[in-house]
Amino acid sequence: MSKQILLPTDFSDNAWQAAKYAINLYSEENCIFYFLHASKLKVSTTAVISNKLSTIMAENNKKELRDLKEKAEQFEVNSKHEFKIILSAEDLQDAVAETIKKYKTDLVVMGTKGASKTKGIFFGSNTINSIKKIKGCAVLVVPENFEFKQPEQIAFPTDFNRFYGEELKPFLQMAQWCKAHIRIVHINEKENLTSVQEENLEQLKKIMSDYPHSFHWMRDYDKVELGIKDFLEIHHIDVLAMINYKHSILENLINEPVIKKIGFQPTIPFLIVPCSSEK
């Protein structure tokens, strides 16, 4: 059965870079890749655009999608891959949600221009809104100008406050087909775990028993984000994986208005998995 991979695009180099990453990542998998362009216009804009002009704009977008499909087919000829195009008149988040539901999407792969050194923004607004609104499947965010490297090290930060089950599936599957090592990291001391955290840790050990993995403890960090940043650098992590739920580490990251204060920037692909109880 083919995997269904959604590739939202604004036809930028950044979006194409993310698409190339996905194509390389799934090089040995049967996949259908959907290039999605959402082109909803603001009410103030539609008021002054004629039907004829809007039709021309739609046709231009269709042509760009067809050109992109052809570009992908020529990028790396692979009989296991099929490419399709979708043009939506909805806004990006609604278009992504509809496509996920219709095609039972396994993964959304997006590009991002990353943090602005002048504005201190963690991700672009489209990426932030997508992360917050997409509940139906995992999202892989690929940084600007990131060249593909087969993932060998996947980091999974956790505070052990939740029991994880089905939501671990996307990144466990990635680790399995990439033969990657999973590094579970807790930004605190093991001796300070509560009874609930201890229980969740033991359950996680059982889940991870079939995968190459290790547990790590980052001590003496006032900021969890700084501990994660240092961990990624120390262990040469290729993909950062996080579960998205209320009051999670991830929620704090994407809501932080001035991330540059702690120097946490998206320098590697970031896999964001929705919590199964909040889908």
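For the side chain to side chain contact (heavy atoms under 4.5 Å, CB included) test, residues two or more places apart in sequence or in another chain that qualify with Ala72 are Trp16, Ile23, Phe35, Phe83. In terms of the side chain to side chain contact (heavy atoms under 4.5 Å, CB included) criterion, Lys104 has no residue partners (sequence neighbours excluded).
Expressed to the nearest 0.5 Å, how far NZ of Lys229 lies from CD1 of Ile187 amounts to 12.5 Å. Considering NZ of Lys69 and CD of Gln74, their distance stands at 10.5 Å, rounded to 0.5 Å. Residue Arg183 holds its CZ atom at 12.5 Å from CZ of Phe215, rounded to the nearest 0.5 Å. Note that CG of Leu201 and CD1 of Ile184 are 9.0 Å apart. Values are rounded to the nearest 0.5 Å. Separating the CG atom in Asn192 from the CH2 atom in Trp217 is a distance of 10.0 Å, to the nearest 0.5 Å. To the nearest 0.5 Å, atom CD1 of residue Ile154 and atom CZ of residue Phe171 are 7.5 Å apart.
Counted within 6.0 Å of NZ on Lys179, heavy atoms from surrounding residues, nucleotides or ligands total 12 or fewer; the atom is thus considered open.
A salt bridge between Lys63 and Asp67 is present, with a side-chain N of the basic residue lying under 4.0 Å from a carboxylate O of the acidic one. Salt bridge annotation for Lys102-Glu98: absent, with no cationic side-chain nitrogen under 4.0 angstrom from a carboxylate oxygen.
Looking at Gln197, its side chain does come within 3.5 Å of a backbone N or O of Asp159 through a donor-acceptor pair. Distance alone, capped at 3.5 Å, is enough to place a donor-acceptor pair between the Asn24 side chain and the Lys20 backbone. Put simply, the side chain of Asp106 never gets that close to the backbone of Ile5: no donor and acceptor are under 3.5 Å apart. Panel note: side chain Asn30, backbone Met1; no donor-acceptor pair is recorded below 3.5 Å. Distance alone, capped at 3.5 Å, places no donor-acceptor pair between the Glu198 side chain and the Val196 backbone. The main-chain N or O of Glu28 is found under 3.5 Å from a side-chain atom of Lys80 such that the two form a donor-acceptor pair. When atom types are taken as modelled, the side chain of His186 and the backbone of Thr158 share a donor-acceptor pair closer than 3.5 angstrom. One N or O on the side chain of Gln17 and one on the backbone of Phe146 form a donor-acceptor pair closer than 3.5 Å.
Taking 4.5 Å as the limit, every side-chain heavy atom of Ile85 sits out of range of all side-chain heavy atoms of Leu36. With contacts defined as side-chain heavy-atom distances shorter than 4.5 Å, the pair Leu140/Phe270 does not qualify. Two residues are said to be in side-chain contact when any heavy atoms from C-beta on lie closer than 4.5 Å; Asp13 and Glu144 fail this criterion. The closest side-chain heavy-atom distance from Gln93 to Val96 is not below 4.5 Å. Side chains of Tyr103 and Ile32 form no contact here, defined as non-hydrogen atoms less than 4.5 Å apart. Contact of the Leu6 side chain with the Leu107 side chain is not registered, since no non-hydrogen atoms from C-beta on lie closer than 4.5 Å. At a threshold of 4.5 Å between non-hydrogen side-chain atoms, the residues Pro157 and Val185 count as touching. Using a 4.5 Å heavy-atom threshold, the side chains of Ser2 and Gln4 count as touching.
Scanning both residues, Pro8 and Met110, for their nearest heavy atoms gives CG-CG, 4.1 Å. For the pair Ala38 and Ala95, the tightest heavy-atom approach, listed with the atom from each and the gap, is CB-CB, 3.9 Å. Closest non-hydrogen pair, Gln150 versus Trp177, comes out as NE2-O, 4.4 Å. Residues Ala58 and Leu87 approach most closely at O-CD2, 3.6 Å, considering heavy atoms. Residue Leu271 comes nearest to Ala138 through the heavy atom pair CD1-CB, 4.1 Å, listed as atom of the first residue, atom of the second, then distance. Listed here is the closest heavy atom pair of Asn200 and Asn161: ND2-C, 3.5 Å.
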Legend entry - Steps toward side chain to side chain donor-acceptor pair (under 3.5 Å) verdict (Ser214, His216): CA-CA 7 Å; Ser214 53; His216 303 263; 2.7 Å; yes
Inset, instruction - Would you please test Glu70 and Arg66 for salt bridge (charged side-chain N to carboxylate O under 4.0 Å, His left out) and show each step? - result: CA-CA 6 Å; Glu70 183 178 348; Arg66 289 193 294 267; over 6 Å; no
Inset, instruction - Go through the steps for His37 and Ser88 under the test side chain to side chain contact (heavy atoms under 4.5 Å, CB included), then give the verdict. - result: CA-CA 6 Å; His37 180 68; Ser88 173; over 6 Å; no
Inset, instruction - Go through the steps for Val108 and Cys137 under the test side chain to side chain contact (heavy atoms under 4.5 Å, CB included), then give the verdict. - result: CA-CA 7 Å; Val108 178; Cys137 76; 3.6 Å; yes
Inset, instruction - With side chain to side chain contact (heavy atoms under 4.5 Å, CB included) as the test, would you mind laying out the steps for Ile243 and Leu168 before giving the verdict? - result: CA-CA 8 Å; Ile243 308 296; Leu168 293 178; 4.3 Å; yes
Legend entry - Gln176 vs Tyr211, side chain to side chain donor-acceptor pair (under 3.5 Å): CA-CA, chis, key distance, verdict: CA-CA 7 Å; Gln176 188 174 44; Tyr211 305 88; 5.0 Å; no
Legend entry - Criterion side chain to side chain contact (heavy atoms under 4.5 Å, CB included) on Phe163 and Leu204, from CA distance to verdict: CA-CA 8 Å; Phe163 170 73; Leu204 195 54; over 6 Å; no
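You'll find the ring centres of Phe156 and Tyr164 inside the 6.0 Å limit.
Note on ring orientation: taking the six-membered ring where Trp is involved, the planes of His235 and Phe231 are tilted (angle from 30° to 60°).
Checked by atom type, the side-chain pair Ser12/Asp10 shows a donor-acceptor distance below 3.5 Å.
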